[in-house]
Q: 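Have a look at this one before I ask anything.
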Amino acid sequence: SDSIGGSFSTSSHRCHHKQKHCLPIPQCGTLSISPLLFHPHTKGSQIIMDTTQKAVKRQASFCNAITFSNRPIVIYEQVRLKITKKQCCWSGALRLGFTSKDPSRINPDTLPKYACPDLVSQSGFWAKALPEEFANEGNIIAFWVDKKGRVFYRVNDSAAMLFFSGVRTAEPLWALIDVYGLTRGVQLLDSEIIPPDCLRPRSFTAIRRPSLRRDTEDTRLSVSLCDLNLQEDTFHVTATTCPIPQNSLNSQHSHLLPSQLESDLRFHHLRGPHVKILDDQTVARLEHAREERTLVFTSRPLRINETIFVKINKSNAVRTGTLSYGVTSCDPGTLRPSDLPYNPESLVDRKEFWAICRVLVPLQSGDILGFMVNSDGELHLSHNGAGIGMQVCADCSQPLWMFFVLHGAIMQIRLLGSTILAERLGLSTPSSPTSTPNSPTVLCSGVSGPVLSTCGSGPLCSSISGTAPNSPSSLPESPISPSLSGPWVDECTICYENMVDTVIYSCGHMCLCYSCGLKLKKMANACCPICRRAIKDIIKTYRST
């Protein structure tokens with residue numbers, strides 16, 4: 001067998017190419033080709049397959065579970081699978097995609113642990129993670145590729161959603177399924193060929209079926225988000241310079257705000273095409289019923305300990321869904337409207353730092369939200385004056401813009417202004433408790449390994465402040481580097497097997513073992529898993545016992 005990077009004979013490609021393009025597309029729901037099964041031999045070391053080749057299960061760990069289809073798929077053929085087992089002690093979920101490499105020519109021993117980013121960094125492999133909220137037991141996932149190389153997916157009977165694009169359809173394509181993280185077992189169902197006129201792709205925000213609603217105790221959006229423990233904290237603010245415009249407030253909650261707010265904060269002129277900016281760039285309103293591209297950004301970066309107040313101007317109780325928000329190191333002035341995706345969760349795949357969350361408390365018209373990033377890089381949320389706790393951890397040594405995504409019940413929001421919390425008054429939130437050996441570590445965008453999390457209602461994880469020891473230069477303090485005074489976080493955030501013994505230069509984060517660090521450094525556009533800065537070098541460290 002050839003390795004993954006091995007060459008393929010021209011005749012083999014020509015034969016498959018003809019077979020694929022000579023196959024007619026039947027009417028909706030009909031299929032006249034052989035059943036789609038899992039490839040019997042080319043699979044990850046942790047995969048157990050039943051005798052029918054239709055069901056697979058990961059026997060241990062969270063990775064080494066890559067599988068392929070036994071034959072090439074056809075354009076518009078929906079690969080349908082059912083999630084049969086979920087293991088809630090991991091983060092991350094099923095990875096789905098396609099490959100132009102014949103699995104029969106791949107040596108199983110050369111398969112990497114992860115489809116993302118290991119396989120997709122190689123030519124001929126395309127895959128992406130299924131959002132965790134859809135990875136529940138019993139859900140039926142269908143995914144397919146069209147003639148333009150766009151990959152779509154649907155969950156149960158929901159509308160089709162654009163997953164990713166760029167697949168080369170001139171070559172035969174096999175389905176790629178990585179049974180990763182939360183997903184422990186899947187079963188292949190009968191595939192279907194659905195012509196394009198039977199499909200109506202929509203964005204992820206349009207899903208409103210009860211079977212796709214988020215579990216109330218599951219606060220995670222994707223593996224790219226930080227799984228953090230929520231701590232109670234109340235925001236008390238001090239007056240500054242500018243009075244609040246009284247016509248922008250709801251009398252029920254106006255007493256929760258300071259008498260004066262800084263009024264220089266606006267929405268950035270860059271916005272999604274389905275949202276409109278009004279009232280001197282302080283109001284964002286949905287302008288499209290499909291709610292597909294509704295990103296708005298702040299006009300300037302956040303300041304440390306600055307609380308931004310946002311009012312829910314208009315909501316619709318009939319609709320489901322809520323406000324999404326996040327922080328990014330990407331200056332919106334460098335983006336074009338075409339850069340803004342239909343699914344905002346795909347932003348975490350960009351080279352900059354992106355973190356996105358949803359407001360989990362019920363919102364209604366007149367509610368006031370407060371967002372504040374403290375000196376430790378912790379973004380805290382308040383709702384009508386009551387602290388909800390830390391939601392996201394970010395590297396505040398670089399400028400951070402805030403962004404919002406309107407969808408579901410949230411039709412219109414208004415920026416009321418901001419105020420600075422003075423640390424001398426003891427208003428900044430203290431650092432979270434350090435993690436115990438059984439607690440998960442912080443995970444931000446771009447990390448390929450999962451985060452262990454508890455299945456109960458206790459804290460999920462915490463951020464740890466301090467700079468990396470033996471740092472090659474004087475570096476800014478990072479909110480999520482190991483602390484010199486607290487317990488050492490031992491596990492590498494990529495393999496979760498080896499000890500952390502490597503410093504990334506020049507950001508100074510210490511989150512990798514030396515073996516994973518070497519592999520990461522060799523990758524194109526290698527960046528730190530935590531802050532996403534470019535990796536210039538890695539430095540092996542040694543600790544005295």
Q: Going by heavy atoms in the side chains, are L96 and I141 under 4.5 Å from each other?
A: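 A side-chain contact under 4.5 Å exists here.
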Q: Could you label the plane-to-plane angle of the F403 and F297 rings as parallel, tilted or perpendicular, counting under 30° as parallel and over 60° as perpendicular?
A: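 Because their plane-to-plane angle lies in the 30° to 60° range, the rings of F403 and F297 count as tilted.
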Q: Rounded to the nearest 0.5 Å, what separation is found between the OG atom of S418 and the CE atom of M372?
A: 12.5 Å
Q: Please determine if R358 and E133 form a salt bridge, counting it only when a charged side-chain N lies under 4.0 Å from a carboxylate O.
A: yes
Q: Is it the case that over 12 heavy atoms from other parts of the model lie below 6.0 angstrom from the NZ atom of K540?
A: yes
Q: Roughly how far, to the nearest 0.5 Å, is NZ of K519 from SG of C513?
A: 8.0 Å
Q: Do NZ/NE/NH1/NH2 and the carboxylate oxygens of R300 and D264 come within less than 4.0 Å?
A: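 D264 and R300: salt-bridged.
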Q: Quick check for you: to the nearest 0.5 Å, what is the distance between H383 atom NE2 and I388 atom CD1?
A: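 The distance works out to 6.5 Å.
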Q: Any idea which heavy atoms bring C116 and R95 closest together, and the distance?
A: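 Reported closest heavy-atom pair: SG-CG, 3.8 Å.
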Q: Judged by atom type as modelled, is there a donor-acceptor pair below 3.5 Å linking the side chain of T502 to the main-chain atoms of Y514?
A: yes
Q: Examine distances only and state if a side-chain atom of R266 and a backbone atom of D280 form a donor-acceptor pair shorter than 3.5 Å.
A: yes
Q: Any side-chain to backbone donor/acceptor pair from T322 onto V359? Under 3.5 Å, distance only.
A: yes
Q: Is there a donor-acceptor contact under 3.5 Å from the side chain of D178 to the main chain of A115?
A: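 Yes.
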Q: Does G166 offer a backbone N or O that forms a donor-acceptor pair with the side chain of R168 under 3.5 Å?
A: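 No; zero donor-acceptor contacts below 3.5 Å.
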Q: Does a salt bridge link K311 with D279, judged by any charged N lying under 4.0 Å from a carboxylate O?
A: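 Looking at D279 together with K311, the answer is no, because their closest N to O distance does not fall below 4.0 Å.
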Q: Taking all atoms of both residues into account, what is the closest heavy-atom pair of C492 and L512, and its distance?
A: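 Minimum heavy-atom separation between C492 and L512: SG-CA, 3.8 Å.
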Q: Working to the nearest 0.5 Å, report the span between CD1 of I413 and CG of L406.
A: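 Going from the CD1 atom of I413 to the CG atom of L406 covers 4.5 Å.
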Q: Backbone N or O of G370 within a donor-acceptor pair of the T307 side chain at under 3.5 Å?
A: no
Q: Step through it carefully: locate the ring centre of Y325, locate the ring centre of F371, and say whether they are under 6.0 Å apart.
A: yes
Q: Roughly how far apart are K536 NZ and C507 SG, rounded to 0.5 Å?
A: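 The SG atom of C507 is 10.5 Å from NZ of K536, to the nearest 0.5 Å.
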Q: Of the non-hydrogen atoms in Q281 and I277, which two are nearest, and what is the gap between them?
A: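 Minimum heavy-atom contact is CA-CG2, 3.3 Å.
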Q: Test side-chain contact (heavy atoms from CB on, under 4.5 Å) on Y180 and F62 and set out the steps.
A: CA-CA 6 Å; Y180 177 87; F62 61 86; 3.8 Å; yes
Q: Among all residues two or more places apart in sequence or in another chain, which pass the side chain to side chain contact (heavy atoms under 4.5 Å, CB included) test with P399?
A: P301, W401
Q: Hey, what do you get for CG (N374) to NE2 (H380), rounding to the nearest 0.5 Å?
A: 4.5 Å
Q: Where do P337 and L270 come nearest, in terms of heavy atoms and distance?
A: N-CD1, 3.6 Å
Q: Between T99 and G124 (side chain of the first, backbone of the second, donor and acceptor by atom type, cut-off under 3.5 Å), is there such a pair?
A: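 Yes; at least one donor-acceptor contact below 3.5 Å.
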Q: Run L415 and V310 through side-chain contact (heavy atoms from CB on, under 4.5 Å) and show every step you take.
A: CA-CA 5 Å; L415 277 176; V310 175; 3.7 Å; yes
Q: Less than 4.5 Å apart, side chain to side chain, heavy atoms only: is that true for E306 and V373?
A: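 Answer no - side chains too far apart.
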Q: Below 4.5 Å, heavy atoms only, C-beta onward: do F134 and M161 meet side chain to side chain?
A: yes
Q: Which pair of heavy atoms, one from V275 and one from L295, lies closest together, and at what distance?
A: CG1-O, 3.9 Å
Q: Taking it one step at a time, do D367 and L369 satisfy side-chain contact (heavy atoms from CB on, under 4.5 Å)?
A: CA-CA 7 Å; D367 283 359; L369 300 172; 5.6 Å; no
Q: Quick one: sort the F143 and F98 rings into parallel, tilted or perpendicular, breaks at 30° and 60°.
A: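 Ring orientation of F143 relative to F98: tilted.
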Q: Any heavy-atom pair between the side chains of S315 and L363 that's under 4.5 Å?
A: no
Q: Would you name the heavy atoms of I538 and G517 that are closest together and state the gap between them?
A: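 Of all heavy-atom pairs spanning I538 and G517, the closest is CD1-C, 3.4 Å.
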Q: Ignoring hydrogens and angles, tell me if any N or O in the side chain of T541 forms a donor-acceptor pair with the backbone of D501 under 3.5 Å.
A: yes
Q: Under the criterion side-chain contact (heavy atoms from CB on, under 4.5 Å), I'd like the reasoning laid out for F125 against L176: C-alpha separation, chi angles, the key distance, then a yes or no.
A: CA-CA 8 Å; F125 293 91; L176 187 163; 3.7 Å; yes
Q: Are any side-chain N or O atoms of Q412 and backbone N or O atoms of I410, one a donor and one an acceptor, separated by less than 3.5 Å?
A: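 Checking the backbone N and O of I410 against the side chain of Q412, no donor-acceptor pair under 3.5 Å is found.
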Q: Is the backbone N or O of C511 less than 3.5 Å from a side-chain atom of T493, with the two atoms forming a donor-acceptor pair by type?
A: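 Yes, T493 side chain to C511 backbone: donor-acceptor pair under 3.5 Å.
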